[in-house]
Amino acid sequence: MRTFYIFKINKEFITLTEKNPYTLYKTMESLYHLKNDDLDLGYSMFKEITKTFDKNSLNEYFFKKYQDDEHYTKYSNRHMLNNFYTDEQSKLIINKTFLVLKTTKVKPTFFKDLKKENSLFVCDFKNKDYFWLKQVV
């Protein structure tokens with residue numbers, strides 16, 4: 001199972017890192033592994049790099065899109081797809097500052113729904129994988 005962290009990046013940082021996303025990934029990775037002593041600085045950096053998500057509209061969007069799908073369940077800010085025909089188990093957790101997608105697929109269904117947003121940067125810190133979502137799906 002893979003865990004993807006999805007961030008909405010500010011326009012200025014998109015311009016700086018779109019052609020070379022490695023720099024952005026290394027920055028996000030260093031923020032991910034920060035020690036407690038450096039959390040204030042890390043939070044300030046994170047706020048400069050990212051924009052927030054509208055949790056309510058995202059929750060509403062996913063619920064309306066999948067509410068009639070028998071493979072879909074929702075609990076609070078968690079959206080789950082358990083499709084045994086396609087062998088996909090995905091759980092999307094919507095937070096205000098980032099999204100977490102835990103999935104058994106390399107290209108999960110939720111990626112297709114999120115691709116309309118051009119500013120999304122995806123990181124899998126465990127597998128050291130990163131990409132702009134618009135370039136993959």
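We're numbering straight along the sequence, starting at 1.
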Aromatic ring pairing Tyr32/Phe125, orientation class (parallel under 30°, perpendicular over 60°, tilted between): parallel
I'd like to know whether the aromatic ring centres of His71 and Tyr85 sit less than 6.0 Å apart in this structure. yes
Side-chain donor-acceptor pair under 3.5 Å between Thr109 and Glu88, yes or no? yes
With a 4.5 Å cut-off on side-chain heavy atoms, are Lys8 and Leu120 touching? yes
May I ask you to test the Lys128-Glu29 pair for a side-chain heavy-atom distance under 4.5 Å? yes
What residues, two or more places apart in sequence or in another chain, satisfy ring-ring contact (aromatic ring centres under 6.0 Å, His included) together with Tyr43? none
Taking NZ, NE, NH1 and NH2 as the nitrogens, is one of them in Asp87 or Lys105 under 4.0 Å from a carboxylate oxygen of the other? no
Suppose we screen for ring-ring contact (aromatic ring centres under 6.0 Å, His included). Which residues come up paired with Tyr130, at least two apart in sequence or across chains? Tyr25
Measure the spacing between CE of Met80 and OG1 of Thr103 and express it to the nearest 0.5 Å. 13.0 Å
Between Asp124 and Asn127 (side chain of the first, backbone of the second, donor and acceptor by atom type, cut-off under 3.5 Å), is there such a pair? yes
Find the distance between CG (Leu58) and CG (Leu99) and round it off to the nearest 0.5 Å. 6.0 Å
Surrounding NZ of Lys74 (heavy atoms of other residues, nucleotides or ligands, distance under 6.0 Å), is the total greater than 12? yes
CG/Asp40: more than 12 non-hydrogen atoms of other groups inside 6.0 Å: no
For Asn95 and Asn77, which I'm curious about, is there any donor-acceptor pair between the side chains at under 3.5 Å? no
If you compare all heavy atoms of Leu31 against all heavy atoms of Met45, which two are closest, and at what distance to 0.1 Å? CD2-CB, 4.1 Å
Quick one: CG on Asn10 to NZ on Lys47, what's the gap to the nearest 0.5 Å? 11.5 Å
Cation-pi geometry met for Lys116 and Tyr61 (6.0 Å, 45°): yes
Salt-bridge contact Lys134-Glu117 (side-chain N to carboxylate O under 4.0 Å): no
Please name the residue in the list Phe121, Phe98, Phe111 that meets the side chain to side chain contact (heavy atoms under 4.5 Å, CB included) test with Ile6. Phe111
How long is the straight-line distance from OG1 of Thr104 back to CG of Asn83, given to the nearest 0.5 Å? 9.5 Å
Taking atom types as modelled, is there a side-chain donor on Tyr72 or His79 under 3.5 Å from an acceptor on the other? yes
Single-linkage hydrophobic cluster, 4.5 Å side-chain cutoff, Phe13 and Tyr22 together: yes
Atom CD of residue position Gln67 - does it have more than 12 heavy atoms of other residues, nucleotides or ligands inside 6.0 Å? yes
Quick one: CG on Asn82 to NZ on Lys91, what's the gap to the nearest 0.5 Å? 10.0 Å
Beyond-backbone contact of Phe4 with Cys123, side-chain heavy atoms, under 4.5 angstrom: no
How about Lys51: does its NZ atom have over 12 heavy atoms from other parts shown lying under 6.0 Å from it? yes
Report the C-alpha separation of Leu81 and Phe110 in whole Å, then their side-chain angles, then the decisive distance to 0.1 Å, and conclude whether the side chain to side chain contact (heavy atoms under 4.5 Å, CB included) test is met. CA-CA 9 Å; Leu81 283 175; Phe110 288 129; 3.7 Å; yes
Where Ser90 and Leu101 come nearest, the two heavy atoms and their spacing: CB-CD1, 4.2 Å
Mind checking whether Asn118 and Leu133 have side chains closer than 4.5 Å, heavy atoms only? no
Work out which heavy atom in Ile9 is nearest to a heavy atom in Ile14; give both atom names and the distance. O-CD1, 3.4 Å
Applying side chain to side chain contact (heavy atoms under 4.5 Å, CB included) to Leu92 and Lys102, what does each step give before you reach the verdict? CA-CA 7 Å; Leu92 178 67; Lys102 296 180 180 196; over 6 Å; no
Please report the interatomic distance NZ(Lys126) to CZ(Arg2), rounded to the nearest 0.5 Å. 10.0 Å
Measure the acute angle between the ring planes of Phe7 and Phe46, then classify it against the limits of 30° and 60° as parallel, tilted or perpendicular. perpendicular
On a heavy-atom basis, which atom in Phe62 and which in Ile94 lie closest, and how many Å separate them? CD1-CD1, 4.0 Å
Taking the side chain as everything from C-beta on, heavy atoms only, tell me whether Arg78 gets closer than 4.5 Å to Thr73. no
